[in-house]
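Only one structure is covered here, and it is reproduced in the block below.
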There are 2 protein chains.
Amino acid sequence: MTDVGASPRTRNAAATRAAILGAARARFSREAYDSVGVRDVASDAGVDPALISRYFGSKEDLFVEVCNTGDPSDLFDVERDQFGAHVAHMMLHEPQDSEKLDCFLIMLRSSASPKASEAIRVMGRDRFYDRLDAYIGGDSARVCARIVGAIIMGLSISRALVADFDLDEAQLTDMERRLADIIQRCID
Amino acid sequence: MTDVGASPRTRNAAATRAAILGAARARFSREAYDSVGVRDVASDAGVDPALISRYFGSKEDLFVEVCNTGDPSDLFDVERDQFGAHVAHMMLHEPQDSEKLDCFLIMLRSSASPKASEAIRVMGRDRFYDRLDAYIGGDSARVCARIVGAIIMGLSISRALVADFDLDEAQLTDMERRLADIIQRCID
DNA sequence: GCTAGAAGTCACCGCCTGTTGACATGGGCT
DNA sequence: AGCCCATGTCAACAGGCGGTGACTTCTAGC
């Protein structure tokens, strides 16, 4: 998505690497691993496809790198007693292409692709569930984290499948209230 | 998965079609649309790959057919006051390769594949959400159906990602109890 | 200003994919 | 029994894929 003029690309390895990584993150948060081609990513980044192999080794390595640099910490950036409301609002009202949701979207988009599932498993554990466990705390932390995680994943996939859940504004408000309640109950 | 002897396949168009459809359903419930090759499906069905094009037109048409013949009615085969417990038990204890879960698995596996997403959207609406709306009933049916649907989807994806949610038996029991409560509250 | 190496470009490889059409053959019908 | 169409087999195609290596070009450091 940088300049695409006839002039050759300015030489800056770090910026090029970052551009590829960013374009890859955006693509992988919208489509499944197998649906995304290296030529797509390169085109988005305004870069020659060969550079992907050069900088990251392979498409699979690039995907792992995307997973390893994902950061869902926005999720936990709130007081405990507002967690339910925070998550519910984020899942329903955050723009669908927001970077805040990238982590979850990437996980669910490619979870069914054998080549990507291992990296996803690791990302889910290290970058999401472990932190959610710690955030929730207490005896049932793991169980509650699994439930909250499932709800977040499910909301992401449902919303991605049909725009805004196919609900009107009033229904969305109702849904947000109910979800906030459900999630808050999980962590109390 | 039928006989693979040197003897040529017995000639039975209906059985062959059904074998392809069954193999495709199983494959699509385990992997994403783009990860599944027609040669994989044909091999599972013990059939020549060319027959897939012959009987269904294309891989995409085959996928649509799989979606159109899916049936999640096991979900609704229970009294209202047991719905939460029923769903929770099914999601946690039904074998992961059970046909009862095929519908949800197929939806989430391929929701990120552009070529498959339209068929998935239709299946989700006609075969799942509409029926869930009707089952729940009342003013907030649609909202509640979206929440229950999201939970089911999220549980499916989480469970598929890490075997049995990476929980021990006691934690699974705890999780089932909590989920049953959450879901039952949604429809009451 | 020159040089050496980093950065970017390009052409191409082998592989795999979905799909097709020509061909072989079994089995129901007369 | 014998025909003939439905059924199954096979080989091949075109296109797209990820990946590679040789080449050009820019630029930092002396």
Side-chain angles (χ1 to χ4, degrees), chain A residues 1-24 27-28 31-66 110 112-116 118-119, chain B residues 1-24 27-28 31-66 110 112-116 118-119:
Chain A
M1 291 296 183
T2 64
D3 59 336
V4 289
S7 62
R9 193 179 167 73
T10 66
R11 299 187 170 218
N12 183 335
T16 299
R17 223 189 106 98
I20 293 171
L21 201 57
R27 275 274 176 182
F28 286 132
E31 291 177 37
Y33 179 82
D34 299 285
S35 302
V36 175
V38 293
R39 287 169 176 83
D40 300 329
V41 173
S43 169
D44 288 353
V47 147
D48 189 281
L51 293 182
I52 291 183
S53 295
R54 172 115 71 205
Y55 279 108
F56 296 92
S58 69
K59 176 185 168 185
E60 206 169 332
D61 293 330
L62 170 61
F63 185 78
V64 170
E65 183 82 9
V66 167
S110 296
S113 297
K115 290 176 189 168
E118 181 55 27
Chain B
M1 290 295 185
T2 64
D3 60 336
V4 289
S7 62
R9 195 179 165 73
T10 64
R11 302 191 169 214
N12 183 337
T16 298
R17 224 188 104 97
I20 293 172
L21 201 57
R27 277 274 175 181
F28 285 132
E31 293 177 36
Y33 178 83
D34 299 285
S35 301
V36 175
V38 292
R39 287 170 176 81
D40 301 329
V41 174
S43 169
D44 288 353
V47 148
D48 189 280
L51 292 182
I52 290 183
S53 294
R54 173 115 72 202
Y55 280 107
F56 295 92
S58 70
K59 176 186 169 186
E60 205 169 334
D61 293 331
L62 170 61
F63 185 79
V64 170
E65 183 82 8
V66 167
S110 296
S113 299
K115 291 177 190 167
E118 180 55 27

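Residue numbering restarts at 1 for every chain, and letters A, B, ... go by the order of the sequence lines. The model shown is predicted, which means the values in this text are computed figures rather than measured ones.
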Go along nucleotides 12-23 of chain D 5' to 3' and tag each nucleotide: B for a protein heavy atom under 4.0 Å from its base, S when only backbone or sugar atoms are that close, - otherwise.
B----BBBBB--

Over all heavy atoms of both residues, which pair between B/Glu31 and B/Ser110 is shortest? Give the atoms and the distance, please.
O-OG, 4.2 Å

A/Arg17 CZ to C/dA6 P: how many Å, rounded?
16 Å

d(A/Arg17 CZ, A/Leu51 CG) to nearest 0.5 Å is 12.0 Å

Shortest non-hydrogen contact between B/Phe56 and B/Asp61, atoms and distance
O-CB, 2.9 Å

Phosphate-side-chain proximity, B/Tyr55 and D/dG8, N/O vs OP1/OP2 below 4.0 Å
yes

What pair of heavy atoms forms the shortest contact from A/Ser113 to B/Ser35, and how long is it?
OG-OG, 3.7 Å

State whether the side chain of B/Lys115 and the backbone N or O of B/Asp34 hold a donor-acceptor pair below 3.5 Å, judged by distance alone.
no

Nearest heavy-atom approach of A/Ile52 to A/Val38 is CD1-O, 3.4 Å

Whole Å only: how far is the CG atom of A/Leu51 from the C1' atom of D/dT25?
14 Å

Would one find a side-chain N or O of B/Thr16 under 4.0 angstrom from OP1 or OP2 of D/dG8?
yes

In whole angstroms, how far is the C1' atom of C/dA7 from the CZ atom of A/Arg11?
4 Å

